[in-house]
Structures are given as structure tokens and as C-alpha cells.
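Accompanying notes for the structure given below.
Computed over heavy atoms, backbone and side chain alike; hydrogens, waters and symmetry mates excluded. Chain letters run A, B, ... following the sequence lines, proteins first and then strands; every chain starts at 1. These figures come from a predicted structure and were not determined experimentally.
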Number of protein chains: 2
Amino acid sequence: MTVKNELFLGDSKKELEKLPDNSIDLIFTSPPYADQRKNTYGGIHPDKYVEWFLPVSEQLLRVLKPTGTFVLNIKERVVKGERSTYVMELILEMKKQGWLWTEEYIWHKKNSYPGKWPNRFRDAWERLLQFNKEKKFNMYQEEVMVPMGDWAKTRLRKLSDTDKTRDESKVGSGFGKNISNWVGRDKAYPTNVLHLATECSNKKHSAAFPEGLPEWFIKLFTKEGDTVLDPFMGSGTTNIVASQMKRNTIGIEIVPEYYEMVKDQLQPEELYLLEPKPSYESDQPRRRISIR
Amino acid sequence: MTVKNELFLGDSKKELEKLPDNSIDLIFTSPPYADQRKNTYGGIHPDKYVEWFLPVSEQLLRVLKPTGTFVLNIKERVVKGERSTYVMELILEMKKQGWLWTEEYIWHKKNSYPGKWPNRFRDAWERLLQFNKEKKFNMYQEEVMVPMGDWAKTRLRKLSDTDKTRDESKVGSGFGKNISNWVGRDKAYPTNVLHLATECSNKKHSAAFPEGLPEWFIKLFTKEGDTVLDPFMGSGTTNIVASQMKRNTIGIEIVPEYYEMVKDQLQPEELYLLEPKPSYESDQPRRRISIR
DNA sequence: GTTCCGCATGAATCGATAG
DNA sequence: ACTATCGATTCATGCGGAA
């Protein structure tokens, strides 16, 4: 089978106008976070953030299918000792646009940035806000349950201490519990708390999230042949993962350098001859994405 | 030494008026959650929640010391397939009252109640909102340090002499590891994600939280002899734990049954004859705190 | 082929210093 | 005075070279 990859260079709000109504199954994105500094990539001042984002979310509401889902990865900054409130204000405003705020998942970043300050500890979590157009939407819960295949059985037999305590991320997509909890069970349902380490690979984009994050939501909210959109593509993690999972993808990026970088890795049409096993069933390390 | 336990039966807003200004070091509470059903304990309709809570938080702002902290354990309900927004509205309104929203901790409920719905998974986390009166407040970070990961322990044990000297000579090399700094340290600072199992003890109160939760914040924000307030006492977990930790406590409860229950367990004056380790440092399994 | 170990670095924050 | 930039702080993780 083949999947299509459409990439747009330009401002999200403008480029989104080119997409037809009700055509997207899943929007997964991590927009530029608010930033006081002006010269950072995409830095938007916290006070202007909601105003900046709302025209985009209005377009997203238009292009999303009624059965589709919008997952927004975001976290508010600390400004002068206080958490900013722009994320909360954004949720309230998006509801006025017609979005349903269905759920808030927590991404627990197991290896967060070091640091200790007089008034706070390390920030080790981010929000994954789920929005929908309708109360009824597509959700394939079975897909994110991790089956007890031969791999898991073998793995459990030689379960090491490190597996038990330290490395939860080797289990499935990295979400969920201790491997040892699964002994005797066929399947495990996840919760709305996702445990995943931030990646320390050679990505040149500062806002990269681990591949497991979009992978999990793509599995949960789409099936093969569906269409996944990332309006703030960045290094293209969402699109590359989605394409590997045989979903059609659309990506928009305003910085030419990142746009070109992703373009080198994603063909307009990707042909999948083989039926690769899902990565969580594979014995091999997950395929690394190299930047050429 | 002795600690005092003051218990009030009545409505929080009214009873709080009896307390003097700037007299409390820590407020830790889990108020009745919003609920559409009227017959639940303290059930308040989501639409009325903010309006109901604000007079209480206004009193809390008055009684809290300038160096004190208010920790609010809360989570929004799902109403008609959507998360309610009263928590966000509450934060925004409390900021207008003069509160600083310093931080949001996540309580990850490791063993949350099993369950699955067509549109969502198990809810396995709650918010712990930290509010302050001033930017400078008391925080005893060393008190909640946690054992270091296995990796560091292994590394330190095997640290060779050359490693020590070589690393010391590299002081000033900027960002990077200086392992020798860690010698003698077996603890690390925690993050803003707390991993605790929910407790299934014999509590008759529906809003009971595990003892480890107030215990952690009491350690972090107070010292012995300080005063801890819970304006929605319930089964009295906060007060009982605080009293055991040699903090003076004040509790307010509107339901006579709960009020009497706590009164039976807490004397107006508790005498602590022994000065040794506080209970939370003992080896007794019941009082083990398990924050990773 | 394992296992071990050194090292880089990740959506960070504060406070001091420079413009 | 006010803003922008910079240095110090510090832990989990995976990778790659060494044993």
C-alpha cells in the first residue's frame, strides 16, 4: 500500500486554508511554547499567546472530521515565580469556538532537565489536551493495549532487575506499568498518565518530542489509511512516525530549514511492501531517524 | 513537646472567621469535588463551584502567613463527555483575589480504580495546586529528598580514585558531570510529579487521600511546631498526619459524623515524650512513603 | 557477543550582570 | 528603572567505545 505525505512551507493559519473541510482524522501537534525571548524560534509572548493561537485552532476545527481528534501538547512557563495562565485561557476560548475539551493526558517526563531552585523542583510533566468536535469520535482502545505475545513471554522469563525497576520505557511504547505487573495477564489497559523519557538523540530542533508520544495517539485515534496533520511540524516527528504507521500525513512548517529537513526524509508517496510488525512487538531497537 | 489540635464543627467560611490573620503555615485540603448529584457528601454543582469556593479562599488568604503555602488537591469531573472547567476558572479567580499560583504538582495514582469507558481510559492523576501569598515562602526542600537511582548508586560505589581526581581537576569546564560532587550524597531532589498509590484502608470518607500525600507537603512546607490547617477535614487524614509530625493542627468539618470521628482520634493536646525520629523516618512499613 | 563505563544533553529557572 | 542575556545548577537516559 502507499501513503501520501503532503508538506507545506508557510504560516499555519494561511496554509490550513488550503485544506478541505472535514478531511483530517487526527491532529497531533506541539506548537511553539510561549516565550518571553524574542529571538527564539517561534517565540510568542505569553500575553499574546491565546490571541495568536485562536485563528489556527479555528481552522483546525474546520478541517477535522466530526469523528476526528485534536491532541495538543503544551505546558505553561513560569514567569516571575508564577505559572502562566495562557493554557487555561486557551482551553476556555477554544470551547467558545466550539471545541469539546474531552480529556487531559499527562506526559510524565522521566528524565527531565536538571535543576533546583529556591521555590520549586524540576518540572517533569506536560499536558496533552484532547479536543473533539463531537461527543462521538473514533477511538481504537484495543490498539494501545499491549498483548502478551511471544516476545513478552520471552522477555518476562529473563526479566532483570533493571527491567523491573528502571527501564519502563522498554515496555510497549513506553507507557504503562512495570513489566512484572503483566505476569499472568493477557492485556493491560493504559491510563491517562503516560510515562516516557524525553529523547536525547541528534535532532536539531529544540522542540522535538519522543517518537512514542505521537505513536501512541496515532494508534489510539486512527487506523491505517487515515490522515494525520501536524500544523507545527518542526523536525517532523509526528509525520515521520505516522507515515511509518501507514497513515497519510500533512505537515506545515514556517521555518524553511526544518521544512527542507523533513522533505528529505519523507517522499510524497511512500510504498510499503512489507508488513512490519508494530515496534512494540519487535525485538529490534526502534528504527532511528537519521538526519542527512 | 506538645502540639495542639483544634477542631471546628461547621461551615468553613464561617468557622474560618474565628481564626486570626497570618497565623497558618500550611493549608492542605481536598475540598468536596463538584458533583451533579445532590445527595453526595458536600456535592456542589459544577456551575456553582467557583462561586461556592471563593469566599472560603478569601478567608484562607487572610489566615495564611505571608511565608505560608496553600496546597489544593482537586480534579475536574467529566460532565457529558467533557472535562469541566471549574478548576481553571477557580485558579483565574483566585489570582484576582491576590493569590499567586506558584506551581501545579501532579499526583500520579499508581493503582487507580480499574475501569474503561467508550471514550476514555482510567483517570490516574489529580492536581495539587500550590498557591502563595508572596513570592518568598518557606520551603524545606532537603526534607523530601529521595534516594538516588540505581544507576548513580552503582556508579558511585565503583568510582575509582582516578575518576575522583580527574573530575576535580575539571572544575570550571562548565556544563557537564562532576561525579566527585556526588560522593557522600545518596539522595536527589524530587520533581513535581508524585507517585503514590491510592489507599484502600477503612476510611468511610469518599474523598480520602493517602497519608503520604499530606505528609510530603507538610515536610516540604513546615517544620515542627508550625500550624497546619485543613478547612475540609473529612476523615482527618491531614490533621492526624500533621499531629504525628509534631505540627499544630486546625481542622474544620461540616458533617457531625466525621467531626466526631476525628475528635475521637485527636486529643486537644498531644504530648510527645520521645524525641527520636519522626514516624515518617521509621522503618515501620505502614508509614513508609513511596515517592519516587 | 556481552557488559561496563564515560559522556553528552534535554520545551528549565533563577539571579546577576550588561546594555 | 527596565529589559535582555548569561552563567550556575544537576539527574535520567541512551549511545558508543572499551574491557
Side-chain angles (χ1 to χ4, degrees), chain A residues 29-46 72-84 87 107-128 158 160 162 165-170 174 195-213 232 234-235 237 285-286 288 290, chain B residues 102-103 135-136 141 145-160 162-164 166-167 170-182 185-193 292:
Chain A
T29 197
S30 189
Y33 289 10
D35 202 321
Q36 287 187 296
R37 292 165 297 182
K38 306 281 164 137
N39 57 349
T40 316
Y41 162 73
I44 293 107
H45 194 281
L72 179 62
N73 171 217
I74 199 164
K75 179 69 189 268
E76 52 271 64
R77 282 179 54 84
V78 173
V79 178
K80 291 176 191 161
E82 261 193 299
R83 287 279 170 198
S84 294
V87 174
W107 170 25
H108 171 215
K109 297 188 284 186
K110 290 188 301 179
N111 62 336
S112 51
Y113 205 88
K116 178 197 83 105
W117 305 273
N119 292 349
R120 63 183 65 250
F121 292 126
R122 287 179 296 151
D123 191 7
W125 63 279
E126 293 193 15
R127 305 177 194 278
L128 285 156
K158 42 181 171 182
S160 69
T162 34
T165 57
R166 170 173 138 172
D167 202 340
E168 288 171 296
S169 68
K170 281 180 187 161
H195 300 269
L196 201 65
T198 53
E199 256 177 19
C200 305
S201 53
N202 60 345
K203 304 245 169 52
K204 285 171 187 161
H205 188 267
S206 61
F209 40 74
E211 296 169 24
L213 207 56
F232 302 99
S235 59
T237 308
R286 185 170 294 143
R288 296 230 52 90
S290 55
Chain B
T102 306
E103 181 60 306
K135 277 180 64 177
K136 299 277 183 186
Q141 301 185 338
M145 290 182 82
V146 294
M148 258 190 196
D150 294 332
W151 172 82
K153 273 183 198 164
T154 317
R155 284 297 281 285
L156 285 174
R157 206 176 300 129
K158 296 179 179 176
L159 202 63
S160 68
T162 41
D163 279 336
K164 286 174 189 166
R166 190 157 51 90
D167 278 323
K170 272 203 266 178
V171 170
S173 63
F175 214 90
K177 272 223 158 107
N178 195 343
I179 291 191
S180 55
N181 279 349
W182 297 357
R185 287 172 55 182
D186 55 348
K187 304 214 171 202
Y189 289 102
T191 70
N192 57 1
V193 177
R292 279 186 293 163

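- With salt bridges taken as basic N to acidic carboxylate O contacts below 4.0 Å, one links A:Glu76 and A:Arg127.
- Among the duplex regions that DNA chain D forms, those built from at least three successive Watson-Crick or G-U pairs under 3.5 Å are C:2-10 with D:11-19, C:12-19 with D:2-9, ordered by first number.
- Out of C:dT13, D:dT13, C:dG15, the shortest distance to the side chain of B:Lys136 is found at C:dG15.
- In this structure, B:Lys135 places its NZ atom 14 Å from P of C:dT13, rounding to the nearest Å.
- A sub-4.0 Å separation between OP1 or OP2 of D:dT9 and a side-chain N or O of A:Arg122 is absent.
- Pairing each heavy atom of B:Asn192 with each of A:Asp123, the nearest pair is ND2-OD1, 2.8 Å.
- For C:dA12, the OP1/OP2 oxygens have no side-chain nitrogen or oxygen of A:Arg83 closer than 4.0 Å.
- Rounding to the nearest 0.5 Å places OG1 of A:Thr29 at 7.5 Å from CG of A:Leu72.
- As a whole-Å value, the separation of A:Asp123 CG from D:dT9 C1' is 16 Å.
- C:dA11 has A:Tyr33 stacked on its base ring, the centres lying under 5.5 angstrom apart and the planes within 30 degrees of parallel.
- Comparing atom distances between the A:Tyr113 side chain and each of C:dC14, D:dA12, C:dG10 picks out C:dG10 as nearest.
- In this structure, CZ in A:Arg122 is found 11.5 Å from OH in B:Tyr189, a value given to the nearest 0.5 Å.
- Distance from the side chain of B:Ala188 is smallest for D:dC11 among the nucleotides C:dA12, D:dC11, C:dC14.
- Screening A:His108, A:Lys75, A:Lys109 for a side chain to side chain donor-acceptor pair (under 3.5 Å) with A:Glu126, the sole residue that qualifies is A:Lys109.
- Among the nucleotides C:dT13, D:dA12, D:dT10, the one closest to the side chain of A:Arg120 is C:dT13.
- Atom CG in A:Asn119 sits about 15 Å away from atom C1' in D:dT9, given to the nearest Å.
- For A:Arg77, counting side-chain heavy atoms from C-beta on, the closest listed nucleotide (C:dG10, D:dA12, C:dT13) is C:dT13.
- Partners of A:Arg120 under the salt bridge (Lys or Arg N to Asp or Glu O under 4.0 Å) rule, at least two apart in sequence or in another chain, are B:Glu103.
- In terms of heavy-atom proximity, A:Ala124 sits nearest to A:Ser112 at CB-OG, 3.7 Å.
- For the pair A:Glu82 and A:Ser112, both in contact range of DNA chain C, the more 5′-proximal nearest nucleotide belongs to A:Ser112.
- The side chain of A:Val78 approaches C:dT13 more closely than any other nucleotide in the set C:dT13, C:dA11, D:dT10.
- In the interface, the side chain of A:Thr198 is not paired with the base of C:dA11 through any donor and acceptor atom under 3.5 Å apart.
- Atom-to-atom, CZ of A:Arg127 to P of C:dA11 comes out at 18 Å; the value is rounded to the nearest Å.
- Heavy atoms from other residues, nucleotides or ligands lying under 6.0 Å from NZ of B:Lys136 number 12 at most.
- Closest approach to the A:Lys109 side chain among C:dA11, C:dG10, C:dC14 is made by C:dA11 (side chain taken as heavy atoms from C-beta onward).
- In this structure, A:Glu76 places its CD atom 12 Å from C1' of C:dA11, rounding to the nearest Å.
- Between the NZ atom of A:Lys116 and the P atom of D:dT10 there is a distance of 7 Å, given to the nearest Å.
- As rounded to whole Å, 12 Å separates atom C1' of C:dC14 from atom CD of B:Gln141.
- At whole-Å resolution of the value, NZ in A:Lys110 and P in D:dT10 are 23 Å apart.
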